[in-house]
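Okay, structure first, notes after.
Side chains are part of it too, since the values below use all heavy atoms of this structure and drop only hydrogens, waters and symmetry mates.
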Amino acid sequence: HTRFRNVTGVQTCALPICWTYVTSFGNPPVFIDTRNTSGGAGICLLCNGSGYVTIYSNGGFIVTGATQLAINTWHHLVLQRQSGELKIFVNGVLDATLNYTSNLTENGLTIGSAADQTGNPTGYKMNGYLDDIRVTKGVARYTTNFSPPASELTLSGDPHAANVSLLLIGNGTTEQT
């Protein structure tokens, strides 16, 4: 897992943008968690036991997408917040929208696991792989449907490079960054 500070608390962000390859929906797989504790005022992006991307925040599930992910298949995920609205994109298509004006006061970032009451990783872990993870503050990268990138992410040529808070590049096959 990776911890990162000062990601939440902003009204506009793309958090995260990544490729995911889920091998099991059991346990459930967690992609990213910005909460310091399991009931905190951040966002936990995960997949429920049926394969739908969902968001958990402030002690409850607040929105679930309509697209069922397939096991052992790469999917492109985006969670974005802009002007009090949360959006989930799956493979470049808007999958869920929620008017969510709650203040996101937590400032943790755990990748591939959920935070517990003390901010440490829990048994809710990613079952599979994450690749090309990018967190951007202050910029809503996607406002409509889009074509997911076909090549590795880079900061070169990125008009929002100055807003990128985290960029983890992997090769998608050997669990290496």
Side-chain angles (χ1 to χ4, degrees), residues 1-10 12-25 27-36 42-47 51-57 65 67 69-82 86-96 104 106-115 119-122 124-142 146-177:
H1 90 267
T2 299
R3 301 286 291 166
F4 186 79
R5 296 287 175 205
N6 301 318
V7 173
T8 57
V10 296
T12 304
C13 61
L15 180 110
I17 298 169
C18 69
W19 286 95
T20 182
Y21 185 96
V22 178
T23 58
S24 168
F25 295 132
N27 206 23
V30 174
F31 307 116
I32 192 167
D33 193 350
T34 68
R35 303 167 305 150
N36 291 329
I43 290 178
C44 182
L45 180 68
L46 64 146
C47 196
Y52 296 92
V53 178
T54 188
I55 299 173
Y56 186 91
S57 183
T67 302
L69 301 184
I71 295 287
N72 300 324
T73 303
W74 284 102
H75 296 281
H76 188 261
L77 298 181
V78 173
L79 170 60
Q80 182 167 279
R81 181 178 183 175
Q82 180 183 25
L86 287 174
K87 292 181 180 182
I88 299 172
F89 291 88
V90 176
N91 297 326
V93 177
L94 182 61
D95 192 51
L104 300 175
E106 301 279 322
N107 64 358
L109 180 65
T110 305
I111 297 172
S113 178
N120 294 311
T122 67
Y124 297 109
K125 296 182 176 158
M126 176 63 194
N127 303 311
Y129 309 98
L130 294 169
D131 192 22
D132 288 352
I133 301 167
R134 177 175 59 198
V135 175
T136 308
K137 285 177 62 175
V139 174
R141 287 184 174 269
Y142 306 106
F146 62 94
S147 295
S151 59
E152 181 178 279
L153 295 176
T154 67
L155 293 178
S156 176
D158 182 348
H160 308 296
N163 298 82
V164 174
S165 299
L166 176 69
L167 180 63
L168 297 175
I169 305 296
N171 65 13
T173 57
T174 61
E175 303 171 44
Q176 301 293 314
T177 56

What are the two closest heavy atoms between [X] and [Y], and how far apart are they?
| X | Y | result |
| --- | --- | --- |
| Pro148 | Asn91 | CG-C, 3.6 Å |
| Phe25 | Leu69 | CZ-O, 3.2 Å |
| Cys47 | Pro28 | O-CB, 3.0 Å |
| Leu130 | Cys18 | CD2-SG, 4.1 Å |
| Pro29 | Val22 | CG-CG1, 4.0 Å |
| Cys44 | Val30 | SG-CG1, 3.8 Å |

### Query
Would Arg141 and Thr136 satisfy side-chain contact (heavy atoms from CB on, under 4.5 Å), going step by step from the backbone distance to the final call?
CA-CA 8 Å; Arg141 287 184 174 269; Thr136 308; 3.0 Å; yes

### Message
Rounded at 0.5 Å granularity, tell me how far CZ in Phe89 sits from CG in Asp95.
### Response
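Between Phe89 CZ and Asp95 CG, I get 10.0 Å after rounding to 0.5 Å.
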
Residue pair [X] / [Y], side-chain heavy-atom distance below 4.5 Å:
| X | Y | result |
| --- | --- | --- |
| Leu79 | Leu86 | yes |
| Arg134 | Asp158 | yes |
| Thr20 | Met126 | yes |
| Val78 | Ile88 | no |

Donor-acceptor under 3.5 Å ([X] side chain, [Y] main chain):
| X | Y | result |
| --- | --- | --- |
| Asp131 | Trp19 | no |
| Thr23 | Asn127 | yes |
| Tyr21 | Asn72 | yes |

### Task
Check step by step if side-chain contact (heavy atoms from CB on, under 4.5 Å) holds for Val90 and Leu77.
CA-CA 5 Å; Val90 176; Leu77 298 181; 3.9 Å; yes

